[in-house]
Student: 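One structure coming up, written as structure tokens, with questions to follow.
Just follow the structure's listing: the first ligand is 1, and inside any ligand the first atom is 1. A quick note: this is a predicted structure, and the numbers were derived from the prediction, not measured.
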Amino acid sequence: MQNLLKNGIAITGSGSAVPSTSLENEVLTQLVETSDEWITTRTGIRQRQLALPPESLTILATDASKQAITAAGITAADIDLILLATSTPDDLFGSACRIQAELDATKAVAFDLTAACSGFLFGLVTAAQFIRTGVYQNVLLIGADILSRWVDWQDRRTCVLFGDGAGAVILQANNSDRLLGFSLKSDGTQNHHLNLAYEGTTQQVTPDIHVPRGTYHPISMNGKEVYRFAVQKVPEVIDKALFEAHLTVDRIDWLILHQANQRIINAVADRLNIPDHKVISNVAHYGNTSAASIPLALDEAVRQGKIKPNDIIATSGFGAGLSWGAAIFQWAR
Ligand code: ACO
């Protein structure tokens, strides 16, 4: 169906950036009761990169975006739309406009999109709609998060999991449609399993009116439930996206899942019968970078020469919401 549409989509360039400070598992054993052995066997994570001031989400996202723009062979002036998928903007009003200014992408409209660890996937499909309808030709999609700001570093159930980073891609209008299929899902009834919830302390406006003063609780997660959800729902949604794409699983060249946990990646690949050599993983180096994890893994694999033009990629994001989704696309024009 999609191939009949005039305005196809191609993902023509990628970029990524991580902050310079590494934190190895061993260091975490000085903060909380944990061990390198527990973290590596339960999650596959060995280290993560943390953004320290003056590093910021805007800086990481801008670095990743510049690389993606260069790789796509366009200039910032060509960009019509900047979509920033993030749950951790530098500014609660959104950080996409700051990135637009840093890039000098004067023509582009820019806004943030929040869907936690599914953010890149949801952003990909959102960007695709603007291109399919013929409204925009060149879209910069960024997935970036600094979850280290929102982690309770005394909570061993979460502090070992997350890291910071940014990844970006350029989507362009193309004669043939390279976004072959997708499926997006949400289930708000499971929201309590994973959140970064608003917490209001009170401030007095008048003697009778007390309004909440904004602050947020640190990340809270029921790891077991989220694990169970991911291992069940991710294979299902990839199957659905494959069905939309009229493809069978053996046509997949690369599987790039949200990098939350190596055990989830392995379990999903097993359920889909996708062999290890087709599975891309960098969770050992970066931990869970939320909306950044998929474009970061994609960009590394492209730069390492693993992913080549025309390769078919199955990708899936999942996380808070709860939200999850999958897309099947062919790399490059
Ligand atoms: N070090 C040592 N022990 C620990 C640690 C730690 N860092 N964390 C938990 N434990 C303990 C627990 O307290 C528990 O002890 P108990 O049996 O005495 O109660 C034991 O280890 C087992 O805990 P579980 O939570 O059952 O461990 P599990 O094997 O499920 O692994 C993990 C936990 C890694 C969090 C896993 O459940 C997971 O990866 N879940 C999915 C997370 C995810 O995918 N999130 C994605 C979205 S993130 C987003 O959207 C922002």
Side-chain angles (χ1 to χ4, degrees), residues 23-48 57 85-89 113-123 143-165 184-188 190-197 216-235 237 256-269 281 283-284 286-294 296-297 315-326:
L23 184 69
E24 269 122 44
N25 290 348
E26 208 50 56
V27 181
L28 287 167
T29 64
Q30 295 157 27
L31 286 181
V32 290
E33 203 183 323
T34 189
S35 64
D36 176 46
E37 204 255 333
W38 193 96
I39 303 169
T40 48
T41 53
R42 299 284 181 130
T43 71
I45 299 165
R46 295 186 179 279
Q47 63 177 72
R48 68 287 291 143
L57 188 101
T86 189
S87 307
T88 55
L113 176 156
T114 303
C117 299
S118 308
F120 182 78
L121 235 296
F122 282 38
D145 267 308
I146 300 187
L147 278 175
S148 64
R149 290 173 175 169
W150 298 104
V151 163
D152 174 356
W153 289 94
Q154 303 302 316
D155 178 3
R156 69 175 184 175
R157 293 165 303 169
T158 51
C159 76
V160 302
L161 302 174
F162 298 103
D164 306 331
L184 304 180
K185 299 278 181 186
S186 304
D187 180 2
Q190 308 291 309
N191 182 268
H192 54 285
H193 290 315
L194 178 51
N195 49 44
L196 208 176
Y216 287 82
H217 281 288
I219 294 172
S220 135
M221 178 169 72
N222 181 337
K224 255 195 196 337
E225 282 302 325
V226 178
Y227 187 95
R228 213 193 319 266
F229 141 80
V231 168
Q232 187 200 340
K233 298 294 186 187
V234 173
V237 82
I256 309 181
L257 299 185
H258 166 48
Q259 307 283 300
N261 184 324
Q262 190 60 46
R263 285 193 299 146
I264 295 177
I265 296 173
N266 294 345
V268 170
S281 170
V283 69
Y286 304 116
N288 179 346
T289 58
S290 195
S293 89
I294 293 172
L296 189 53
T315 184
S316 176
F318 54 89
L322 297 180
S323 60
W324 66 106

Student: To the nearest 0.5 Å, what is the distance between OG1 (Thr41) and CZ (Arg263)?
Tutor: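 Result: 7.5 Å between the selected atoms.
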Student: Crowded around Arg149 CZ? As in, over 12 foreign heavy atoms under 6.0 Å?
Tutor: yes
Student: Please round to the nearest 0.5 Å and tell me the distance separating atom CZ of Arg48 and atom SG of Cys159.
Tutor: 8.0 Å
Student: So, Thr315 side chain and Ile256 main chain: donor-acceptor pair closer than 3.5 Å or not?
Tutor: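 Side chain of Thr315 to backbone of Ile256: a pair is present.
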Student: Before signing off on this row, confirm whether His258 and ligand 1 have an N or O atom pair separated by under 3.5 Å.
Tutor: no
Student: Looking at CG of Leu147 and OG1 of Thr86, how far apart are the two atoms once the value is rounded to the nearest 0.5 Å?
Tutor: 8.0 Å
Student: With atoms numbered from 1 as shown, which atoms in ligand 1 lie under 4.0 angstrom from a non-hydrogen atom of Phe318?
Tutor: 44 (O), 47 (C)
Student: Measuring from Leu161:CG to Ser290:OG, what's the distance to the nearest 0.5 Å?
Tutor: 12.0 Å
Student: Relative to the heavy atoms of Cys117, which atoms of ligand 1 are at a distance of less than 4.0 Å?
Tutor: 47 (C), 48 (S), 49 (C), 50 (O), 51 (C)
Student: Can you check whether Gln47 reaches Asn25 side chain to side chain, under 4.5 Å on heavy atoms?
Tutor: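 They are not in side-chain contact.
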Student: In terms of atom number and element, which parts of ligand 1 are under 4.0 angstrom from non-hydrogen atoms of Arg42?
Tutor: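 Ligand 1 atoms under the 4.0 Å threshold to Arg42: 22 (C), 27 (O), 28 (P), 29 (O).
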Student: Is Ile39 near ligand 1, meaning one of its heavy atoms is under 4.0 Å from it?
Tutor: no
Student: Who's closest to atom 6 (C) of ligand 1 heavy-atom-wise, of Ile265, Thr34, Val231, Thr41?
Tutor: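 Ranked by closest heavy atom to atom 6 (C) of ligand 1, first place is Thr34.
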Student: Compute the ring centroids of Phe229 and Trp324, then answer whether they are less than 6.0 Å apart.
Tutor: yes
Student: Heavy-atom distances under 4.0 Å are what count here, so tell me which part of Tyr227 touches ligand 1: side chain, backbone, both or neither.
Tutor: both
Student: Examine the proximity of ligand 1 to Asn261 and report which part, side chain or backbone, both or neither, has a heavy atom under 4.0 Å away.
Tutor: side chain
Student: Glu33 heavy atoms, cut-off 4.0 Å: which ligand 1 atoms fall inside?
Tutor: 1 (N), 2 (C)
Student: Distance below 4.0 Å between atom 1 (N) of ligand 1 and any protein heavy atom?
Tutor: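 It does; a protein heavy atom is within 4.0 Å.
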Student: Taking only heavy atoms of Arg263 into account, list the atoms of ligand 1 that are under 4.0 Å away from them.
Tutor: 28 (P), 29 (O), 31 (O)
Student: For ligand 1, which atoms, with element, lie under 4.0 Å from some heavy atom of Thr43?
Tutor: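 In order of numbering, the contacting atoms are 34 (C).
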Student: Where on Leu194 is there a heavy atom closer than 4.0 Å to ligand 1, on the side chain, on the backbone, on both, or on neither?
Tutor: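 The answer is the side chain.
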Student: Report yes if the side chains of Thr88 and Leu57 come closer than 4.5 Å at any heavy-atom pair, otherwise no.
Tutor: yes
Student: With heavy atoms of Val160 as the reference, note each atom of ligand 1 found under 4.0 Å away.
Tutor: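 Selected atoms, number and element: 7 (N).
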Student: Can a donor-acceptor pair be found between the side chains of Thr43 and Asn261 at a distance below 3.5 Å?
Tutor: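 On atom types as modelled, these side chains do not qualify, holding no pair under 3.5 Å.
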Student: Based purely on interatomic distance, does Gly223 place a nitrogen or oxygen under 3.5 Å from a nitrogen or oxygen of ligand 1?
Tutor: yes
Student: Only one of Ile264, Leu121, Val237 passes side-chain contact (heavy atoms from CB on, under 4.5 Å) with Phe318; say which it is.
Tutor: Ile264
Student: Return yes or no for this condition: an N or O of Asn288 is under 3.5 Å from an N or O of ligand 1.
Tutor: no
Student: Kindly determine whether Ser281 and Gln262 satisfy side chain to side chain donor-acceptor pair (under 3.5 Å), including the steps that lead there.
Tutor: CA-CA 8 Å; Ser281 170; Gln262 190 60 46; 2.6 Å; yes
Student: Can you find an N/O atom of Ser35 closer than 3.5 Å to an N/O atom of ligand 1?
Tutor: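 No: no nitrogen or oxygen of Ser35 is under 3.5 Å from one in ligand 1.
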Student: Taking both backbone and side-chain atoms of Ala320, is any N or O found less than 3.5 Å from an N or O belonging to ligand 1?
Tutor: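 Yes, Ala320 has an N/O under 3.5 Å of an N/O on ligand 1.
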Student: Counting each atom of ligand 1 from 1 as listed, which ones have a heavy atom of Gly319 under 4.0 Å away?
Tutor: 47 (C), 50 (O)
